[in-house]
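Notes follow the structure.
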Amino acid sequence: TQLLEQSPQFLSIQEGENLTVYCNSSSVFSSLQWYRQEPGEGPVLLVTVVTGGEVKKLKRLTFQFGDARKDSSLHITAAQPGDTGLYLCADLGGFKTIFGAGTRLFVKA
Amino acid sequence: EAQVTQNPRYLITVTGKKLTVTCSQNMNHEYMSWYRQDPGLGLRQIYYSMNVEVTDKGDVPEGYKVSRKEKRNFPLILESPSPNQTSLYFCASSRWDRGTTDTQYFGPGTRLTVL
């Protein structure tokens, strides 16, 4: 059974700081997705990456997919309070989706 | 507005009392899925459906049933709820294009407590 490990589990930073969170898989990703979930809501898709070595940018968020397609990172530049939430990585393996436990980010104003 | 709706949003019940959580989507999506979210465990897939009358088990199907009689609806049934089914439940839907799922859209969640 594939396991997705996310680190750190919890991160509390000041507004304006940079941060990186990680997602590591016990097996090669089929298709990696990153989601953000805010309190009281369902997860919302941020990005999908498929190709090893791929880098995608979404405003202040940079997503990197490892060459071997077993790891990924999400870097946030100049974090803002609006970035607060639970960041989840997931693998879309055809019919099934496997999620990591998430990194809970809190950005203080 | 494109959306996935779930009802109820909150439910407190007792062990053994059958319940149904409804899920409906208005995007004509083929694929629908149920997840439960527990602290430290992330989201775990319970059941999914590729289209009407086609369903299959996810990673944690024990104690749950589903049906897909209409494309837009995918109810989750707990025939005899137990306290270990206390959790936050999410329904999701997506297109099913060329054998892969597209962006999954999640409902707002149903917080279930079984006493």
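Everything numeric here is computed off the predicted structure, so don't read it as measured data. Below, chain A is the first sequence line, B the second, and so on; all start at residue 1.
Taking CD from Q37(A) and CD from Q37(B), the interatomic distance works out to 4.0 Å, rounded to the nearest 0.5 Å. For the atom pair OG (S94(B)) and CG (L45(A)), the distance works out to 10.5 Å, reported to the nearest 0.5 Å.
By the criterion of side-chain heavy atoms lying less than 4.5 angstrom apart, applied directly or through intervening Ile, Leu, Val, Met, Phe, Trp or Tyr residues, V47(A) is grouped together with F65(A) in one hydrophobic cluster. Hydrophobic clustering (ILVMFWY, side-chain heavy atoms < 4.5 Å, transitive): L86(A) and V21(A) are in distinct clusters.
Ranking F106(B), Y105(B), F90(B) against chain A, the residue ahead of the rest is F106(B), based on heavy-atom pairs under 4.5 Å. If you tally non-hydrogen atom pairs under 4.5 Å between each of A90(A), G42(A), P43(A), G102(A) and chain B, the highest count goes to P43(A).
Shown here is E5(A), whose CD atom has no more than 12 heavy atoms of other residues, nucleotides or ligands within 6.0 Å. In the displayed structure, I12(B) atom CD1 is contacted under 6.0 Å by at most 12 heavy atoms of other residues, nucleotides or ligands. Heavy-atom neighbours of K56(A) NZ from other residues, nucleotides or ligands within 6.0 Å: above the threshold of 12. When the shell of 6.0 Å around NZ of K108(A) is examined, it contains more than 12 heavy atoms from other residues, nucleotides or ligands. No more than 12 heavy atoms of other residues, nucleotides or ligands sit less than 6.0 Å from atom CD of Q9(A).
Counting heavy atoms from C-beta outward, L43(B) and Y35(A) have side chains that stay 4.5 Å or more apart.
Only the side chain of I98(A) has a heavy atom closer than 4.5 Å to any heavy atom of chain B. Heavy atoms of R111(B) lying under 4.5 Å from chain A are absent altogether.
A distance-only check finds a donor-acceptor pair linking the side chain of Q45(B) to the backbone of T97(A) [under 3.5 Å].
Aromatic ring pairs are classed by plane angle as parallel below 30°, tilted from 30° to 60° and perpendicular above 60°; the pair Y35(B) and F99(A) is perpendicular.
Of all heavy-atom pairs spanning G40(B) and A101(A), the tightest one is O-CB, 3.5 Å.
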